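Notes follow once the structure below has been shown.
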Amino acid sequence: MRYSNLFFYTLRETPGEAEIASHRMMLRAGLIRRLSSGIYTFLPLGYRSLRKVEQIIREEMDRAGAQEMLMPALQPQEIWEESGRLDIYLAENILFRTKDRQGRWYALGPTHEEVVCEVARARINSYRDLPFTLYQIQTKYRDEIRPRFGLMRGKEFSMKDAYSFDLDADGMDVSYEAMYKAYKRIFKRCGLQARPVEADSGSIGGDASHEFMVLADSGEDTVVSCDKCSYAANMERAQVGGGMQDVDPNVEQLEMEDIDTPGVRTIEELTAFLNISPREVVKTLIYMADEKPVVAILRGDHQLNDLKLKRALGADSLELADDKTIEKVTGAPVGFAGPQGIEAGVPIIMDRSVSPLSNFTTGGNKKDVHTKNVNRGRDFQVTKVADIREAAENDHCPRCNDGKLQLRRGVEVGHVFKLGTKYSKPMNVSFTDTDGVEAPVFMGCYGIGVGRTLAAVIEQNNDENGIVWPLSIAPYQVVIIPVSMKDKEQVKEAELVYEEIGNSGIEVLLDDRDERPGVKFKDADLIGFPIKIVVGRSLKEGKLELQARCRKEKELVPQALILTRVQELMEEIS
RNA sequence: CGGGGAGUAGCGUAGUCCGGUAAACGCGCACGUCUGGGGGGCGUGAGAGCGGGGGUUCAAAUCCCCCCUCCCCGACCA
């Protein structure tokens, strides 16, 4: 391809809409263009890279034994009723829906569990028909609450989604493992450092799941990892280790005492008012779990993790209680709750870190009053002790003895789930086993955000001049720049090299624009082609300049050797 | 949806508080010219009526009302 024929543009200045590196650079390099919030056009250069990511995914999925198919984006609403997910998705307002001329409802698929189940059950009769794994690369539609960061979160986005079907849980584990391994290879080939972390399965549901995270400051998730062992988890799920010591029996339990704390509601206000550490305070939160009030208590310097609380309670829904409920449960307005004197029958869930505390300060369950020297056992009883707080920097690792937890930001590029029979039961995907008994299949589902992966690659591979594409997914592998289009010798040589390299199967772009050299160099760096050949002043000595985008050094290569040297360099940087 | 910010030429912005009579600047674009190894110089020129609608006023980018769009922080997810 010649620049003179290429549909592209680059922007000198950063469009105001872009905040993070990948978004900025994709706009500046002319890879994508926004049509509307969360909706993007892939321009030719960006689309080439996107297709390369897709191709890597295809190769690795096929290698893992999965089979590609293509399901419809437009889905009749009935199948969503059948799986029982329609209400949930409608409540979340995430579906793009439309009616046909007959008034029937359709949804633009936000995901494809329902459709794939419909397909699979048509085929599966006997245990002999299992196992298999299907996948597709499809555009998904989700009315996201907040699209952002360019390709990172869109209303329309490309996703590879795969679904495995197995006889039983063991089979499912094998399929899961195969996908897990394939994912590692996919991200590695894309030039990404992605790390699998334990994850919450969210609205897709299911038992176990891992997310593949790319560490980046711009990431929307927080990744918790151990500095000594391999433990890593999404903040949503991250456990907290450390001993669960009990109260020191030698500490004398002092008399409870009320303190007047007018207008003091938050932990910050309280610790400032009393001049004590938040570690000596117990914070009391009132939640509604499945419509019933519960009390959660944790140390003043900790944050509650509501997903963990929800799991500890085995609840389906969990939300903060409203002011009215809080008054009813504690007898005081918001901000003065304490575990002592809670309404009878309301369960109290205590975070493990509260266990060793004695004579602590907490809300007095009266307006403008806090109470000190509160003690568990004497002053209140807990229903359950559990790990319900958010992990914090330097917390103990839950898996190894001496590790400390670290918090980093990450981008979720892939997610693998063990679904079990969550969809196969309602969707009636079953088979007859060897005993002639009908049983539901065990499913897994496996997603990769294709565009998001592309963005993550740029997030991880860029410098002040632009993108530094890994060879595997660069829009073109090599760019040839004749320094002056007025120099006939340079132009002639550039054309020859362009032919030679192109004929060898390498993807090459010739910058035949009559631009000043600085412009050509800047564009090449911004778009980030892995290899650059400059035909310039050294041509007089019969030499060409060769440079990898990811390296500082340039080398002079005799004309006759350029193809060989390019091939070697490609080998070196891949 | 709650909180914060912003819509002025293809892009980046100034002007808005304190209304004032051809809407400014840089980049990009076109033409000419000098140049030709990191977004070059000089000159000439085209391009917006200020997100949309309504109102106030002698006069509105600027003040008031309504609406739309975009970005950032939170809940959601690949």
Side-chain angles (χ1 to χ4, degrees), chain A residues 9-20 23-24 27-28 30 33-39 53 57 88-89 91-94 110-112 137-162 183 187 194 199-204 209 211-214 218-221 234 236 306-307 318-320 410-417 445-456 465-466 481-487 490 513-526 532 534-539 545 547 554:
Chain A
Y9 54 83
T10 52
L11 304 175
R12 285 195 185 200
E13 280 159 303
T14 305
E17 69 189 60
E19 201 83 357
I20 67 169
H23 188 197
R24 236 173 17 233
L27 291 174
R28 281 195 59 207
R33 178 178 174 79
R34 197 192 77 236
L35 177 62
S36 173
S37 178
I39 304 177
V53 174
I57 292 172
I88 300 166
Y89 273 71
E92 307 249 338
N93 247 321
I94 209 158
T111 171
H112 282 74
I137 296 175
Q138 238 277 18
T139 305
K140 306 292 189 202
Y141 298 88
R142 294 181 188 171
D143 191 355
E144 289 286 340
I145 301 165
R146 181 146 98 88
R148 58 179 142 180
F149 298 149
L151 258 34
M152 285 294 188
R153 176 179 298 283
K155 290 178 169 155
E156 172 179 305
F157 64 99
S158 173
M159 175 162 129
K160 185 286 302 176
D161 47 325
Y183 272 38
F187 294 124
D200 188 81
S201 49
S203 64
I204 307 285
S209 83
E211 288 167 340
F212 283 78
M213 290 285 192
V214 173
S218 55
E220 294 185 272
D221 293 276
N234 189 309
E236 295 169 353
D306 46 6
L307 280 168
L318 185 77
E319 55 188 354
L320 270 172
V411 176
E412 180 192 359
V413 288
H415 200 157
V416 292
F417 303 82
C445 88
Y446 316 93
I448 292 179
V450 184
R452 185 183 281 183
T453 298
L454 194 66
N465 294 314
I481 299 180
V483 168
S484 170
M485 293 303 288
K486 297 221 165 40
D487 185 323
Q490 287 184 13
R513 295 174 297 171
D514 184 15
E515 287 286 354
R516 297 180 58 86
V519 173
K520 295 185 179 188
F521 293 143
K522 286 288 183 190
D523 276 346
D525 286 349
L526 176 59
K532 175 173 70 185
V534 179
V535 183
R537 55 167 93 95
S538 52
L539 183 64
E545 281 167 40
Q547 186 183 15
K554 299 171 186 165

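Bear in mind the structure is a predicted one, so any value in this text is a computation, not a measurement. Naming convention: chains lettered A, B, ... in sequence-line order (proteins, then strands); numbering from 1 in each chain. Only heavy atoms go into these numbers, but all of them, side chains included; no hydrogens, no water, no symmetry mates.
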Could you identify the nucleotide paired to [N], looking across every strand shown and requiring Watson-Crick or G-U wobble geometry with both distances under 3.5 Å?
N: B:rA14; result: none
N: B:rU56; result: none
N: B:rG36; result: none
N: B:rA30; result: B:rU44
N: B:rG2; result: B:rC73

State which residues pass side chain to side chain contact (heavy atoms under 4.5 Å, CB included) with [X]; sequence neighbours excluded, sorted by chain then number.
X: A:Asp143; result: A:Phe96, A:Lys155
X: A:Glu17; result: A:Pro15, A:His23, A:Leu27, A:Arg34, A:Tyr40
X: A:Tyr446; result: A:Lys160, A:Ala162, A:Ser164, A:Ser175, A:Tyr176, A:Met179, A:Tyr183, A:Val416
X: A:Glu545; result: A:Val534, A:Ser538, A:Lys554, A:Leu556

OP1, OP2 of [N] versus side-chain N and O of [X]: anything below 4.0 Å?
X: A:Ser36; N: B:rC70; result: yes
X: A:Thr14; N: B:rG12; result: no
X: A:Arg146; N: B:rC72; result: yes
X: A:Arg148; N: B:rC73; result: yes

The side chain of [X] is closest to which nucleotide in this list: [options]?
X: A:Val519; options: B:rA78, B:rG39, B:rC71; value: B:rG39
X: A:Arg516; options: B:rC76, B:rG36, B:rG38; value: B:rG36
X: A:Arg153; options: B:rC71, B:rG37, B:rC76; value: B:rC76
X: A:Thr10; options: B:rG39, B:rG38, B:rC71; value: B:rG39
X: A:Arg452; options: B:rA75, B:rG38, B:rA78; value: B:rA78
X: A:Phe149; options: B:rC70, B:rC73, B:rC11; value: B:rC73
X: A:Ile145; options: B:rA75, B:rU35, B:rG38; value: B:rA75

Any [X] side-chain heavy atom under 4.5 Å of [Y] side chain:
X: A:Val483; Y: A:Arg537; value: no
X: A:Phe212; Y: A:Ile448; value: no
X: A:Phe157; Y: A:Leu151; value: no

Atom pair distance, as rounded to whole Å: [atom1] in [X] and [atom2] in [N]:
X: A:Leu307; N: B:rC76; atom1: CG; atom2: C1'; answer: 11 Å
X: A:Glu319; N: B:rC76; atom1: CD; atom2: C1'; answer: 16 Å
X: A:Glu545; N: B:rG37; atom1: CD; atom2: C1'; answer: 8 Å
X: A:Asp523; N: B:rG38; atom1: CG; atom2: P; answer: 15 Å
X: A:Glu92; N: B:rA75; atom1: CD; atom2: P; answer: 14 Å
X: A:Asn93; N: B:rC77; atom1: CG; atom2: P; answer: 14 Å
X: A:Glu19; N: B:rG4; atom1: CD; atom2: P; answer: 18 Å
X: A:Met485; N: B:rG37; atom1: CE; atom2: P; answer: 15 Å

Quiz item: Partners of A:Arg513 by salt bridge (charged side-chain N to carboxylate O under 4.0 Å, His left out), sequence neighbours excluded?
Solution: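 Per chain and number, A:Arg513 pairs via salt bridge (charged side-chain N to carboxylate O under 4.0 Å, His left out) with A:Asp511, A:Asp523.
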
Self-check item: side chain to side chain donor-acceptor pair (under 3.5 Å) involving A:Asp514 - partner list, sequence neighbours excluded
Solution: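 A:Lys486.
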
Exercise. Kindly write out the residues that satisfy side chain to side chain donor-acceptor pair (under 3.5 Å) with A:Lys140, not counting sequence neighbours, or none if the list is empty.
Key: A:His112, A:Asp161

Can you tell me how far [atom1] in [N] sits from the matching atom in [M], rounded to whole Å?
N: B:rC66; M: B:rG26; atom1: P; answer: 39 Å
N: B:rU56; M: B:rU69; atom1: C1'; answer: 26 Å
N: B:rU35; M: B:rC42; atom1: C1'; answer: 11 Å
N: B:rG53; M: B:rA61; atom1: P; answer: 13 Å
N: B:rG12; M: B:rC29; atom1: C1'; answer: 16 Å
N: B:rU21; M: B:rC65; atom1: P; answer: 26 Å
N: B:rC27; M: B:rG40; atom1: P; answer: 9 Å
N: B:rA60; M: B:rA23; atom1: P; answer: 12 Å

So does [X] reach the base of [N] with its side chain, donor to acceptor, closer than 3.5 Å?
X: A:Lys486; N: B:rG36; value: yes
X: A:Asp525; N: B:rG38; value: yes
X: A:Lys532; N: B:rG37; value: no

Quiz item: Which part of the nucleic acid, if any, lies within contact of A:Val534, taking any heavy atom under 4.0 Å across all strands shown: a base, the sugar-phosphate backbone alone, or nothing?
Solution: base

Practice problem: Please work out if A:Gly154 contacts a base, only the sugar-phosphate, or nothing of the nucleic acid, heavy-atom cut-off 4.0 Å. | Solution: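 Result for A:Gly154 = base.
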
Practice problem: Report, as a single string ordered 5' to 3', how protein heavy atoms within less than 4.0 Å touch nucleotides 26-33 of chain B: B base, S sugar-phosphate only, - not at all. | Solution: BSS-----

Protein-nucleotides 7-10 of chain B N/O pairs closer than 3.5 Å?
none

Self-check item: Considering all heavy atoms, the nearest A:Arg148-A:Arg146 contact
Solution: NH1-NH2, 2.7 Å

Quiz item: Ring of A:Phe521 versus six-membered ring of B:rG39: centres under 5.5 Å and planes under 30°?
Solution: no

Self-check item: Position toward the 5' end of RNA chain B (nearest nucleotide), A:His23 or A:Lys520
Solution: A:Lys520

Quiz item: Closer to the 5' end of RNA chain B via nearest nucleotide, is it A:Met152 or A:Ser37?
Solution: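 Upstream on the strand: A:Ser37.
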
Quiz item: When you look at A:Glu92 and A:Ile145, which way does the side-chain contact (heavy atoms from CB on, under 4.5 Å) test go after all the steps?
Solution: CA-CA 9 Å; A:Glu92 307 249 338; A:Ile145 301 165; 6.0 Å; no

Quiz prompt | Stepwise side-chain contact (heavy atoms from CB on, under 4.5 Å) test for A:Phe149 and A:Val411 | solution = CA-CA 11 Å; A:Phe149 298 149; A:Val411 176; over 6 Å; no

